[in-house]
Protein chains: 2
Amino acid sequence: MELNEQLKLENQLCFSVYACSREITKMYRPYLDKLGITYPQYLVLLVLWEQHETTVKALGAELYLDSGTLTPLLKRMEESGLVRRERSKEDERKVMVRLTTKGEELRDEASIIPDAMATNSGLSKEEFTKALSGFQQLLDHIHSVNDKK
Amino acid sequence: MELNEQLKLENQLCFSVYACSREITKMYRPYLDKLGITYPQYLVLLVLWEQHETTVKALGAELYLDSGTLTPLLKRMEESGLVRRERSKEDERKVMVRLTTKGEELRDEASIIPDAMATNSGLSKEEFTKALSGFQQLLDHIHSVNDKK
DNA sequence: AATATTTAAATTGTGCACAATTTAATTTTA
DNA sequence: TAAAATTAAATTGTGCACAATTTAAATATT
């Protein structure tokens with residue numbers, strides 16, 4: 001690609017990923033609005049539906065987010081009655097995050113979302129699987145490059 | 001995929017796109033820091049380096065952003081001397097956005113970025129092209145689905 | 001021409017993201 | 001074991017995103 005072409009917006013992989021991410025979030029919004037949660041809050045719930053209990057640190061490692069983002073986000077989720085936060089007895093530096101009954105119950109309401117989103121994305125099952133593994137690979141690679149510094 | 005698997009974080013295309021987008025932004029940061037700009041500001045410059053002059057509306061259509069995001073962003077860019085904003089004489093509803101000399105000159109400094117990012121992403125030229133077109137397709141599709149409502 | 005509708009930005013308010021710093025607890029080291 | 005280093009959250013401050021509303025100008029209707 002010639003040097004002039006390289007700085008065109010349409011040739012930026014970064015832009016298509018960035019715009020895609022935001023459009024995907026918009027696609028989720030009507031569904032998440034019904035549950036009274038935001039997209040990052042939905043991601044926290046996905047983790048907690050698998051693990052029931054975790055720490056801010058572990059959550060951050062899974063979602064690639066730090067305490068600066070998670071602390072206020074989890075406080076909002078606590079206020080809306082979805083999670084409980086309390087200091088660990090064994091290690092008081094750690095804050096345990098646990099689902100409430102309300103948080104547990106939201107799982108049933110959310111169970112329809114993945115199918116709805118898969119349909120809306122317009123990808124076949126094979127395309128979806130392929131795209132997913134492509135992204136995870138790219139994500140892993142870039143994350144390791146970023147962390148090296 | 002069984003219903004239980006569908007709600008696992010690792011199976012969410014949305015999450016890998018979301019995390020990827022943020023990791024890519026982090027990868028750009030050291031380069032953009034040198035230029036004194038943020039990632040969304042870089043995207044605005046990419047458009048202006050192609051067009052030299054545009055409107056808030058047109059910029060929003062290209063970047064999928066609205067005036068609520070762009071107005072304060074462009075004001076910051078104006079403060080740092082990269083662009084000028086002024087009401088159009090022909091249609092006073094429109095605000096024209098133009099590059100300053102400083103904004104123009106930043107292009108040379110930025111010209112090394114695409115190659116550096118391509119290298120860091122760890123994708124071959126073919127993989128890059130393929131990933132790019134895959135995303136643009138997904139983006140177009142989701143954007144049209146979102147706009148239909 | 002006067003009124004209604006549409007359009008383009010700006011404004012307001014909420015919720016992320018994230019760098020940088022602070023606070024407090026735990027672990028390591030001298 | 002006392003001091004230093006590390007670790008986990010919280011805090012502070014800046015900059016997006018975006019829904020919803022407001023303001024003002026242009027266009028369409030009656």
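The analysis underlying the following values was restricted to heavy atoms, covering all of them including side chains, and did not include hydrogens, waters or symmetry mates. Letters A, B, ... are given to chains in the order of the sequence lines, protein chains preceding strands, and every chain is numbered from 1.
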Charged N-O contact under 4.0 Å between K8(A) and E5(A): yes
Earlier contact from the 5' end, DNA chain D, for D91(A) and P40(B): D91(A)
Side-chain donor/acceptor contact of T71(A) with base of dA9(D) under 3.5 Å: no
SB check R87(A) E92(A) (cutoff 4.0 Å): no
Nucleotide nearest T38(B) (side chain, heavy atoms from C-beta), chosen from dA9(D), dA19(D), dG15(D): dG15(D)
Out of dC16(D), dC18(D), dA10(D), whichever nucleotide has its closest atom nearest the side chain of V56(A): dA10(D)
Most 5' of K89(A) and G68(A) on DNA chain C, judged by nearest nucleotide: G68(A)
Closest-nucleotide ordering on DNA chain D, the 5'-leading residue of L73(B) and A58(A): A58(A)
Phosphate contact (dG15(C) OP1 or OP2) by Y39(A) side-chain N/O below 4.0 Å: no
Check: Y39(A) ring centroid to Y18(B) ring centroid under 6.0 Å: yes
E86(B)/R98(B) salt bridge by N-O under 4.0 Å criterion: yes
Closest nucleotide among dT7(C), dC18(C), dC18(D) to the R93(B) side chain: dT7(C)
Residue-phosphate contact under 4.0 Å: K94(A) side-chain N/O, dA8(D) OP1/OP2: no
Given dA17(C), dA17(D), dA10(C), the nucleotide with the shortest approach to the side chain of L65(B): dA17(D)
K75(B) side chain near dT11(C) phosphate (N/O to OP1/OP2, under 4.0 Å): yes
Presence of Y18(B) side-chain N/O under 4.0 Å of dA17(C) phosphate oxygens OP1/OP2: yes
Sugar-phosphate, base or nothing in reach of T55(B), heavy atoms under 4.0 Å: sugar-phosphate
No-hydrogen, no-angle side-chain donor-acceptor test under 3.5 Å, Q6(B) and N11(B): no
Under 4.0 angstrom between R87(A) side-chain N/O and dA9(D) OP1 or OP2: no
Pair of N/O donor and acceptor under 3.5 Å linking dA10(C) base with S67(B) side chain: yes
Sugar-phosphate only, base, or nothing, as touched by T69(A) at under 4.0 Å among non-hydrogen atoms: base
